[in-house]
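Note on naming: letters A, B, ... go to the chains in the order of the sequence lines (proteins, then strands), and numbering restarts at 1 for each one.
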Amino acid sequence: MAQFWKPGTEKPRLVDDEEGGVLFFSGGFSSSSSSSGYGYASIEKQRQRLPVYKYRTAILYLVETHATTIIVGETGSGKTTQIPQFLKEAGWASGGRLIACTQPRRLAVQAVASRVAEEMGVKLGEEVGYTIRFEDVTKPDVTVLKFLTDGVLLREMMDDPLLTKYSVIMVDEAHERSISTDILLGLLKKVQKRRPELRLIISSATIEAKAMSDFFRKRKKRRELENEENGIQLEPAILSVEGRGFNVQINYVEEPVQDYVQAAVSTVLLIHEREPPGDILVFLTGQDDIDGAVQLIADEVQTSKKHSPGLVVLPLYSGLPRAEQELVFSPTPRGKRKVIISTNIAETSLTLEITDVENLVVAPISKASAKQRAGRAGRVRPGKCYRLYAEEYFLNHMSNEAIPEIQRSNLVSCIIHLKALGIDNILGFDWPASPSPEAMIRALEVLYSLGVLDDDAKLTSPTGFQVAEIPLDPMISKMIIASNQFGCSEEIITVAAVLSIQVKLFALSIWISGRGIQKESDEAKLRFAAAEGDHVTFLNVYKGFLQSGKSSQWCHKNYVNYHAMRKVLEVREQLRRIAQRIGIVLKSCESDMQVVRKAVTAGFFANTCRLEEYSHNGMYKTIRGSQEVYIHPSSVLFRVNPKWIIYSSLVSTDRQYMRNVISIDPSWLLEAAPHFYQLQQSNPLH
DNA sequence: GAGCACTGC
């Protein structure tokens, strides 16, 4: 067996940080190599080669002696797969306790869990398991290492607010600052006060470590001081673990560039001319610029002989058909140089298996993001990065990190979540990054108008508790609950599933779109278009999909996104189960679309708009706030312009566009939300 | 007549 630090033995060598109290590990802590069992020798060898391995003793020491340990590590250090195993080996999973490791993404949860199961030589779902939405691969009383999304852990807190079965919770990728990670961190800090024996490990990129440490550093109250005497430090420890990335040489332009597309193209050609073989990855802002740059390079290659025939230029953005996206993964032909011109889809989502990527960055992103992009060039060997802005700009004008999601999003879902967990004082909640009080008050108002919160800002019964049970935007949840009284729950659950998969912009639209197939896809859409609006159109598509036997050919023929429809089926199935659990009777209204529209109104009444009289360009005004809005051209009601409509989301580009629009009768509003519309006397509902 | 990215419950 390998040797671990154990309480009571001599403590590892650690150095105090000059900033006071924060511990930094000094490095060089190679644990005395010891023989492991022959059976797992090769896996054990692989594990020992990971950079994190030599910090094993230090990590276990810090976790033993500190309530919170912050691990700073680059990708490739092995922290995600190894630390949970170290903890288990050191006994943190004994006596029926569990070790949890959270990830922001489902895919990562599955990948890490199966890797760890493999390393430990156990079957996935036994000792090592994972839980993500729709999938629980754990076994009670057997699973001791549990990987899960942070969203799932938040849901678990609704049943067990103190997370009593866990001895250690590792929050991985905390620097990504997703909403659920931020809520989780805020709640875990609270849990720690009630459960001093609980240990937290926060894994974060360098740039965020100090902020995390400040967040978890807390005032020492009397009871906490007693714990300190018991040997648990409340001051968070910080440990840096090096990664395995390669060096990336950074170049800046000397003067700001005028036309960055042109500058990117020139840089590509210059690299091609002067640099040794190696592929190039270019980041531009959007589809138009990318298509433009691809064209410019093609033109240049045609007119100037010196660049041909060496360049293979490939665009990459989400709107591109899947087959064309996949071209970027194909190996570069011998003697050629691949140039991928991409949106920031290539920043994190994809791992490009290409050799020696050169990389250029444009647009005012954060320093953290610039670093991430540069890192793409150093995955397999040293690389170079050309930034099309001056170093002075990088140093003095770019923000350190992107604004945390929680400070730029709608807080409605998040507040209801906290309410359901019994956090009454929302305004006083201790966030790693506080949203503005205005945003929180706005969200509280929406929840009040939905009848989810009462006059004392407490969850109403049953509506408030029912809405909290449904893992969707509260407006959608309210619509589902209302469908019960209208006898159209089957239809509304379908609508809810469609709305919830196409969160923002075009990501997972049920329609296939893109260049070149515009006309065909528009015509296909007309076959399903309903005069009532997009929601009813969705029902027509869903019906057709079911009648085809859920066929992918049918989807292909009708320009419907098969992948999105599978997702709709999955979400729909979960929603049906939840609906039944909270007492909603599953019932179809057959062809009565008026009740469907009434149910939509019950959830989305706050998004009502009226067509401006004498408007020639389809201008609407919102009833709440008189904001100028237009129907999005992707809607079936575009240019139809009914007088009264409700939208389910707003996209702002050059104008405010309403996506997913349905026509309504204004008299339904008083029925759906009398308290809301009684106050709107300046907007007569006729 | 419009689309930078898309996670999670």
*Report the distance from atom CD1 of A:Ile416 to atom C1' of B:dC9, rounded to the nearest whole Å.*
13 Å

*Give a yes/no verdict on a cation-pi contact between A:Lys189 and A:Phe215, requiring under 6.0 Å between NZ or CZ and the six-membered ring centre and an angle within 45° of the axis.*
yes

*Length of the line joining A:His563:NE2 and B:dC6:C1', which is rounded to integer Å*: 10 Å

_Can you measure A:Leu184 atom CG to B:dT7 atom P for me and round it to whole angstrom units?_
20 Å

*If you check the A:Arg105 side chain, which of B:dC9, B:dT7, B:dA2 turns out closest?*
B:dT7

_Rounded distance (Å) that lies between atom C1' of B:dC6 and atom CD1 of A:Ile179_ = 13 Å

*Separation of B:dC6 C1' from A:Gln103 CD (nearest whole Å)*: 17 Å

*asked:* Given 3.5 Å as the limit, does a donor-acceptor pair link the side chain of A:Ser635 with the main chain of A:Leu637, or not?
replied: yes

*Closer than 4.0 Å, any side-chain N/O of A:Ser634 to the OP1 or OP2 of B:dG3?*
no

*Is there a side-chain polar atom (N or O) of A:Arg106 under 4.0 Å from OP1 or OP2 of B:dG8?*
yes

*Phosphate oxygens OP1/OP2 of B:dA2: is one of them under 4.0 Å from a side-chain N or O of A:Arg659?*
no

*So, does the side chain of A:Asp522 form a donor-acceptor pair with the base of B:dG1 at under 3.5 Å?*
yes

*asked:* What contact category does A:Leu154 fall into here, base, sugar-phosphate, or nothing, at under 4.0 angstrom with non-hydrogen atoms?
replied: nothing

*Atom CD1 of A:Ile183 to atom P of B:dT7: distance rounded to whole Å?*
18 Å

*Kindly compute the distance separating OG1 (A:Thr622) from CD (A:Glu628), expressed to the nearest 0.5 Å.*
10.0 Å

*Figure out the CD1/C1' separation between A:Ile290 and B:dC4, and round it to whole Å.*
8 Å

*Within 45 degrees of the axis of the six-membered ring of A:Phe394 and under 6.0 Å from its centre: does A:Arg387 put its NZ or CZ there?*
yes

_Single hit among A:Met475, A:His535, A:Lys478 for side chain to side chain contact (heavy atoms under 4.5 Å, CB included) with A:Phe604_ = A:Met475

*Please report, rounded to the nearest Å, how far the P atom of B:dA5 is from the CG atom of A:Leu284.*
13 Å

